There are 2 protein chains.
Amino acid sequence: MAHVARIRFLGTAAAVPTTSRGLPCVCIEREGGLLVFDVGEGAQAAFARAGLGWNRETAIFVSHLHGDHCLGLPGLIQTMSMQGRSRPLAIYGPGGTAEFVTANLRMLRFSPPFELAVRDVWEGTIHHTKDYAVSACRADHTIPALSYLFREADRPGRFHPERARALGVPEGPLWKELQRGREVQGVTGTVRPGDVLGSGRPGVSVGYSGDTRPTAGLERFFAGCDHLIFDSTFAEEHSGRAGATGHSTAAGAAALARNAGVGHLILTHFSARYADDAAPLAEARRIHHTVTAAADQMSIEV
Amino acid sequence: MAHVARIRFLGTAAAVPTTSRGLPCVCIEREGGLLVFDVGEGAQAAFARAGLGWNRETAIFVSHLHGDHCLGLPGLIQTMSMQGRSRPLAIYGPGGTAEFVTANLRMLRFSPPFELAVRDVWEGTIHHTKDYAVSACRADHTIPALSYLFREADRPGRFHPERARALGVPEGPLWKELQRGREVQGVTGTVRPGDVLGSGRPGVSVGYSGDTRPTAGLERFFAGCDHLIFDSTFAEEHSGRAGATGHSTAAGAAALARNAGVGHLILTHFSARYADDAAPLAEARRIHHTVTAAADQMSIEV
C-alpha cells in the first residue's frame, strides 16, 4: 500500500470536550488536499495546532446536525476567510446542513471571500475526483445521520518504456493505450498491459461512521475497507445506554469491523465518563485483530 | 474595597484563536453567581478548564454578533444541559441575539431542559438584582455593539449591637431602621447610623467594552469605574487599521481610561499578529497609571 494519505485526528471526544479531547473532527490529508469529517466546536483551533493551513483544496463532510459535530463550521469558515483563503470550499451533510451554514453566516453578517458550496446529500457517491470518491450511507442515530467512505481509485503500476520497445511497441499513442490498461498489437504480436506495467497499487479506503449504532447496512457499506474510524462512545458496561442514545460500544464497533473484513479499526468519540480508553480498547481487541484508540492530534499514514 | 468578586478571563484573543489565547469570554464570579461577557467559540472548554461549574446562577452578555464573540453560545448551552443544569439562564445582547440562539437550537434540534431567556437589549440598565446592576451603552463598531458596566450596590458597614445598646437603643425595629441608614430616637437622644455602623464598603464596578473605538459616550459610561476591560486589538503602529475596523489601540484604551478616571485598565482582545502583549502594554502604561494585559485563565480579585 503506497503512503499517499494521512489520517489526522483533530477531535476525538463525544458530546462534551475534555481537557485532552476536543469535539469530533477527523481529516484525511492527500496530495495537498484535505477531506474533513465533522467539524465540532474548537476545530479551527485544532486545525491551527496541526498546522494544516487554510487554503488547501478542501471538502467537508458533516455526519449529522448535532451541535458537537457541526458547531465549529461557521468559525472555521470565518477563520479561513481571515487567513486569506481563495480556493472554493465544498461542504456536504444530511438535510439541514445548507440551512445551518447559510443561516449562521447571514445572522453573523458574514460573507466569505471564496466560493462556498454547501450541499444537503443522502446516500450514494457524493464527491469525487479522478483519484478518489467519497460515498455516503445512512447511519442509525437519533436524527438523520450519514456515514462516509473515502476510496482511492486503484493506481496502475509504473510503465516500463524499455519493455514496450523490446516487445515492438513504438513510443506514441500505443503506449497511452497500454497505460490505460488496454491490449495493443505490437510489431511482434499482442502486448498486454501486464507485460509493460509494474504491479498496480490498490487504492486506500477509509471509513468514517459518525454517530451510529452498528447496522447490517454499515457492515456492507464498510466491507473490506482498510481503515475504519467508528463510533466508540461507550464501553460494554454502558451498552444499554449506547442502544438508547443511538451510539456504538467499542465491542459493537469491533464486531462490525470483523464481520465486514475491515483491516484496521480506529475507535473514536469516547464518552467523557471514562478516564482513559483502556476499557473500550481492550474490549474491542478481544473481537477484532487490529484496533487503535484515536487521540487528539494523532496521525496515521495510510 | 471588599473582595467579593473575581474577574476571570477565559478568552483574550481577537478574531482568530492562537495557541495561547482563546476567543473572547470574560466572567465575573460573585457569591456563587456568574456574569459572562461574550462567548466565543471554545468558551465551554475554557469553562471546564477553569472549573466554573455548569449550574451556577448565570447571566450572559453578548457585546455583538460577530462570530468570534458569540459562536460558543450554542455549545455552552448544550454542555450545560448535558451536565445537568437546572437553573434558568439569561442571555442579553443587541438585536439579533435572540434569533441567533433560538435559530441554532432549532436547527440543531436542541431544547435545553432549563429555562432559557434570551433578550435583545439596547442602552440602559438591563439586568439587576438587589446587590448589583448591569447596564449597557452603545459601542462604536462595524455592526451594532454594546459595552457593559457591572456595578455593585454600596454595602452598609457592619452593625455593632453593643454600641446601639450603649446609646440607649433597644433591640427591635429601631435596629433595623439604623441598619437601613435612618436616624432614630434612643433613650438618651438622637442616634445616627454612623454611631452604630462600621464604615461602608463601596460596591465594585467593572466595565467591559467589547469591540469598539474609544468614544466620548463610553468615556462617560465608564466614568470612575474600578476595573475596565477594554478592546486593545492593535498597537500604535496599526492605529489606522484600528480606525478602519472599529477597534481600539492599547493607547486609545488608556487615554479613555485616564480621561474617565478609571482605576485599573485591563487590556484584552489582542490581534494574533503580535507575538506578545509587550508593545500594547508599554504604550498604554505611558498614558494610564495602572494597566494589566489580560491572559487566558488569568483571575483578578476585585
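A, B, ... follow the sequence lines: proteins, then strands. Residue 1 opens every chain. Worth saying up front: this structure is predicted, and the values here are computed from it rather than measured. All values below come from the heavy atoms of this structure, side chains included, with hydrogens, waters and symmetry mates left out.
Chosen from R106(A), H64(A), R49(A), the residue pairing most often with chain B at heavy-atom distances under 4.5 Å is R106(A). Ranked by heavy-atom pairs under 4.5 Å with chain A, the first of M82(B), H66(B), M107(B) is M107(B). With chain A as partner, the option from T18(B), T79(B), D68(B), V16(B) having the largest number of non-hydrogen pairs under 4.5 angstrom is V16(B).
More than 12 heavy atoms of other residues, nucleotides or ligands sit less than 6.0 Å from atom CZ of R273(B). The 12-atom threshold is not exceeded at CD of E57(A), counting heavy atoms of other residues, nucleotides or ligands nearer than 6.0 Å.
Of the atoms belonging to L23(A), it is side-chain heavy atoms, and not backbone ones, that fall under 4.5 Å from chain B. Residue contact with chain A, scored on non-hydrogen atoms closer than 4.5 Å, is absent for A48(B). Both the backbone and the side chain of F100(B) come within less than 4.5 Å of a heavy atom of chain A. Contact of Q78(A) with chain B is made through the side chain alone, with heavy-atom distances under 4.5 Å. Only the backbone of A43(B) has a heavy atom closer than 4.5 Å to any heavy atom of chain A.
Inter-residue side-chain proximity for L108(B) and L71(A) is flagged as met; some heavy-atom pair is nearer than 4.5 Å.
In this structure a side-chain-to-backbone donor-acceptor pair under 3.5 Å is present from E41(B) to G42(A).
The one candidate from I143(A), L65(A), T142(A) that meets the side-chain contact (heavy atoms from CB on, under 4.5 Å) condition with R109(B) is I143(A).
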